[in-house]
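One-based numbering, in listed order, for ligands and for the atoms of each. Heavy-atom basis, side chains included; hydrogens, waters and symmetry copies ignored. Every value quoted in this text rests on a predicted model; they were computed, and no experiment measured them.
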Amino acid sequence: MIIAVDGPLASGKGTIARALSERFSLPHLDTGTLYRATGLAVLDAGADPSNAQACADLARNLDLDAIDETRIRTAEAGAMASKVAAIPQVREALFALQRAFATQPGGAILDGRDIGTVICPDAEVKLFVTADAETRARRRWEELTAKGERLSFEDMLAQTHERDRRDAGRPDAPMRPADDATLLDTSSLSIDAAVATAIRIVEKRQKA
Ligand code: C5P
């Protein structure tokens, strides 16, 4: 079984995907990590983020074992990830890896922006997890400031809108729910309630 979990920043998709991975014993890939690592590689190399070829080369040569888990979670890495993610050659460079993960025997769970639409249009279960922008900005702001990052809530909200606009507005693989995705709005749900709802959706699909 392939489960695709898509949605915008801090919608809860990562938490839900991890919980589903545990519940259904399926390996999980957070595909945002690949774009974040590419964004950091661009920053570290001092490369021009508008140079498609240079960014794609860095994406192709990512060393996934050397990913710095702390640095890729920063707001800076997220913002650069969303810039390089708009480059078709970067997406193409990361396609085969994601597809190979998805099609491993026994199935997999992937979360991202284009899993249900581009990477796994054949997924048995597709979830599109959303929440209103204020709620998402507050969640991410609390997460980042707890880790010591200094940014105001207003800046976080502006970054959230900016990221939504860029991810949904790009011509190549824009963030959007697949036609056959189930929408899950987590704005007023606790983590436990959101996870329980997602589990029910998967179980219902399994029975069908
Ligand atoms: O999910 P996360 O916030 O870690 O993703 C960082 C950025 O990577 C997103 O804003 C988006 O631009 C990009 N991304 C993408 N497609 C995916 C996963 C992430 O374009 N499947």
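Checked by distance only, ligand 1 and Arg113 come closer than 3.5 Å through their nitrogen or oxygen atoms. Some N or O of Arg36 is nearer than 3.5 Å to an N or O of ligand 1, by distance alone. The distance criterion of under 3.5 Å between nitrogen or oxygen atoms is met by Arg91 with respect to ligand 1. Residue Arg163 has at least one nitrogen or oxygen atom sitting less than 3.5 Å from a nitrogen or oxygen atom of ligand 1, judged on distance alone. The shortest N or O to N or O distance between Arg140 and ligand 1 is not under 3.5 Å.
For Arg170, the heavy-atom gap to ligand 1 drops under 4.0 angstrom. Within the structure, the closest approach of Lys83 to ligand 1 does not fall below 4.0 Å when heavy atoms are considered. Asp167 counts as a contact of ligand 1, since one of its heavy atoms falls under 4.0 Å from the ligand. Distances from ligand 1 to the non-hydrogen atoms of Met175 include no value under 4.0 Å.
Thr186 places no side-chain N or O within donor-acceptor distance of the main-chain N or O of Ala131, the cut-off being under 3.5 Å.
In this structure, a donor-acceptor pair under 3.5 Å is present between the side chains of Ser82 and Arg166.
Both the backbone and the side chain of Ser82 come within contact range of ligand 1, each with a heavy atom under 4.0 Å.
The two residues Ile109 and Phe101 come nearest to each other via the heavy atoms O-CE2, 4.0 Å.
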